[in-house]
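Let me begin by handing over the structure; questions about it come next.
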Amino acid sequence: MAYWLMKSEPDVYSIKDLERDRTEIWDGVRNYQARNFLTSMALGDKAFFYHSNTKPPGIVGLMEIVETNVVDPSQFDSASKYYDPKSSTEKPRWYTVTVGYLETFRTGITLDDLREAFTPDELWVVRRGNRLSVMPVDGAVAEKLLNITQT
DNA sequence: GCCAACGTTGGC
DNA sequence: GCCAACGTTGGC
């Protein structure tokens with residue numbers, strides 16, 4: 001089983017929203033590297049939910065991948081801000097996953113904490129100027145993260 | 001609100 | 001294929 005980190009702005013979609021919805025299609029990713037990570041996810045993989053563009057940014061909870069290789073429906077919706085006119089139903093360009101809610105950490109792990117605990121090579125989210133919204137998390141790093149949230 | 005980082009677009 | 005212009009992300 002692999003671990004991932006997925007970013008969302010809480011004003012757009014937060015861990016609270018996912019707790020309410022229980023499962024949700026992770027739509028709107030329009031970056032090829034991030035999409036490639038999404039398509040390599042497997043059922044049962046777990047993903048840390050990261051709140052970006054908020055105060056403070058950081059990891060707030062845990063999700064599970066409950067459906068893989070989902071065609072992102074927003075790419076065909078001309079009313080959506082994620083609409084992609086270059087995509088077609090015959091040859092969709094954007095794939096994603098459905099995530100399921102697992103837990104909200106009692107105390108989140110802020111970006112400051114992450115910077116203290118991990119090097120940029122260990123955890124990409126602490127890399128300077130990092131804009132990738134979906135990234136893998138090394139197994140040992142994931143265990144460390146889960147331990148931190150239990151304290 | 002600012003701005004650095006960086007991905008994408010399009011002219012050539 | 002290069003690269004300047006532009007748009008977006010996201011921390012601060």
Side-chain angles (χ1 to χ4, degrees), chain A residues 2-21 23-41 45-65 68-138 141-142 144-149 151:
Chain A
Y3 282 97
W4 307 90
L5 183 147
M6 298 164 79
K7 293 182 188 171
S8 179
E9 300 188 19
D11 288 348
V12 179
Y13 197 80
S14 73
I15 188 86
K16 275 254 174 233
D17 295 322
L18 182 60
E19 182 181 17
R20 178 196 63 218
D21 298 338
T23 66
E24 178 74 2
I25 293 184
W26 201 268
D27 65 358
V29 173
R30 295 292 179 269
N31 169 282
Y32 287 103
Q33 196 182 358
R35 182 207 61 185
N36 293 343
F37 285 134
L38 286 167
T39 54
S40 63
M41 289 180 181
D45 281 1
K46 289 177 182 174
F48 292 95
F49 196 128
Y50 180 94
H51 278 176
S52 66
N53 219 347
T54 188
K55 273 193 196 173
I59 289 174
V60 293
L62 195 66
M63 315 181 266
E64 183 178 17
I65 308 307
T68 59
N69 294 302
V70 177
V71 175
D72 185 338
S74 64
Q75 67 194 300
F76 308 124
D77 177 6
S78 60
S80 168
K81 70 178 212 172
Y82 302 123
Y83 176 61
D84 185 351
K86 291 177 187 162
S87 189
S88 68
T89 47
E90 299 78 40
K91 215 169 177 232
R93 179 179 290 201
W94 304 108
Y95 286 84
T96 186
V97 295
T98 302
V99 296
Y101 177 82
L102 285 183
E103 65 173 309
T104 302
F105 297 139
R106 210 154 53 79
T107 53
I109 314 172
T110 65
L111 181 56
D112 281 346
D113 293 340
L114 293 171
R115 285 213 176 95
E116 277 189 31
F118 303 104
T119 68
D121 281 338
E122 286 176 314
L123 187 64
W124 296 3
V125 80
V126 305
R127 283 184 190 177
R128 189 150 174 274
N130 168 56
R131 292 168 49 188
L132 191 62
S133 66
V134 177
M135 65 191 74
V137 174
D138 174 76
V141 171
K144 228 171 146 184
L145 284 169
L146 293 169
N147 282 334
I148 293 171
T149 61
T151 59

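Here is the naming used below: chain letters follow the sequence lines, and residue numbers restart at 1 for every chain.
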Rounding to an integer number of Å, can you tell me how far A:D84 CG sits from B:dT8 C1'?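 Result: 12 Å.
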Find which nucleotide of DNA chain B each of A:N130 and A:K86 is nearest to by heavy atoms, and output the residue with the more 5' nucleotide.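 That would be A:N130.
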Looking only at heavy atoms, what is the nearest atom pair of A:K7 and A:R131, with distance? NZ-C, 3.9 Å
Side chain to side chain contact (heavy atoms under 4.5 Å, CB included) for A:F105 and A:V60? Distances and angles first, verdict last. CA-CA 6 Å; A:F105 297 139; A:V60 293; 5.8 Å; no
Within residues 68-80 of chain A or reaching into it, pairs that qualify as salt bridge (charged side-chain N to carboxylate O under 4.0 Å, His left out) - sequence neighbours excluded: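 Only A:R30-A:D72 qualify under salt bridge (charged side-chain N to carboxylate O under 4.0 Å, His left out).
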Can you name the ring pair (Phe, Tyr, Trp, His ring centres under 6.0 Å) partners of A:F49, sequence neighbours left out? A:W26, A:H51
Atom CG of A:L132 to atom C1' of B:dC6: distance rounded to whole Å?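 Rounded to whole Å, this separation is 12 Å.
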Nearest-Å distance, NZ (A:K55) to C1' (C:dG11)? 10 Å
Is any side-chain heavy atom of A:M63 less than 4.5 Å from a side-chain heavy atom of A:K46? no
Is there side-chain contact between A:L145 and A:L114, with heavy atoms separated by less than 4.5 Å?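 Yes; the side chains approach each other to less than 4.5 Å.
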It should be established whether A:R131 places a side-chain nitrogen or oxygen under 4.0 Å from OP1 or OP2 of nucleotide C:dG7.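 It does not, given that no N or O in the side chain of A:R131 lies less than 4.0 Å from OP1 or OP2 of C:dG7.
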When the nearest nucleotide of DNA chain C is assigned to A:K81 and to A:D112 on a heavy-atom basis, which residue is associated with the more 5' position?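 On the 5' side of the pair lies A:K81.
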According to the Watson-Crick and G-U wobble definition with distances under 3.5 Å, which dot-bracket string, read 5' to 3', encodes DNA chain B, using [ ] for crossing pairs and | for pairs with another strand? ||||||||||||
Rounded to whole angstrom units, what separation is found between the CG atom of A:N53 and the P atom of C:dG11? 6 Å
Let me know the distance between CZ of A:R128 and P of C:dG11, rounded to the nearest Å. 14 Å
Distance in angstrom units between A:R127 CZ and B:dG7 P, rounded: 11 Å
Among C:dG10, C:dC12, B:dT9, the nucleotide that comes nearest once only the side chain of A:S133 is considered: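 Nearest nucleotide to the side chain: C:dG10.
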note: A:D11, atom CG; C:dG10, atom P; distance rounded to Å ~ 13 Å
Check whether any side-chain N or O of A:Y50 sits under 4.0 Å from OP1 or OP2 of C:dG11, and answer yes or no.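 So the side chain of A:Y50 is within the cut-off, an N or O lying under 4.0 Å from OP1 or OP2 of C:dG11.
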Heavy atoms of other groups near A:R20 CZ, more than 12 under 6.0 Å: yes
Using a 4.0 Å heavy-atom cut-off, does A:R115 contact any base of the nucleic acid, only the sugar-phosphate backbone, or nothing at all? sugar-phosphate
Atom-to-atom span, CG of A:L114 to C1' of C:dC12 - whole angstrom: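 Checked: the CG to C1' distance equals 16 Å.
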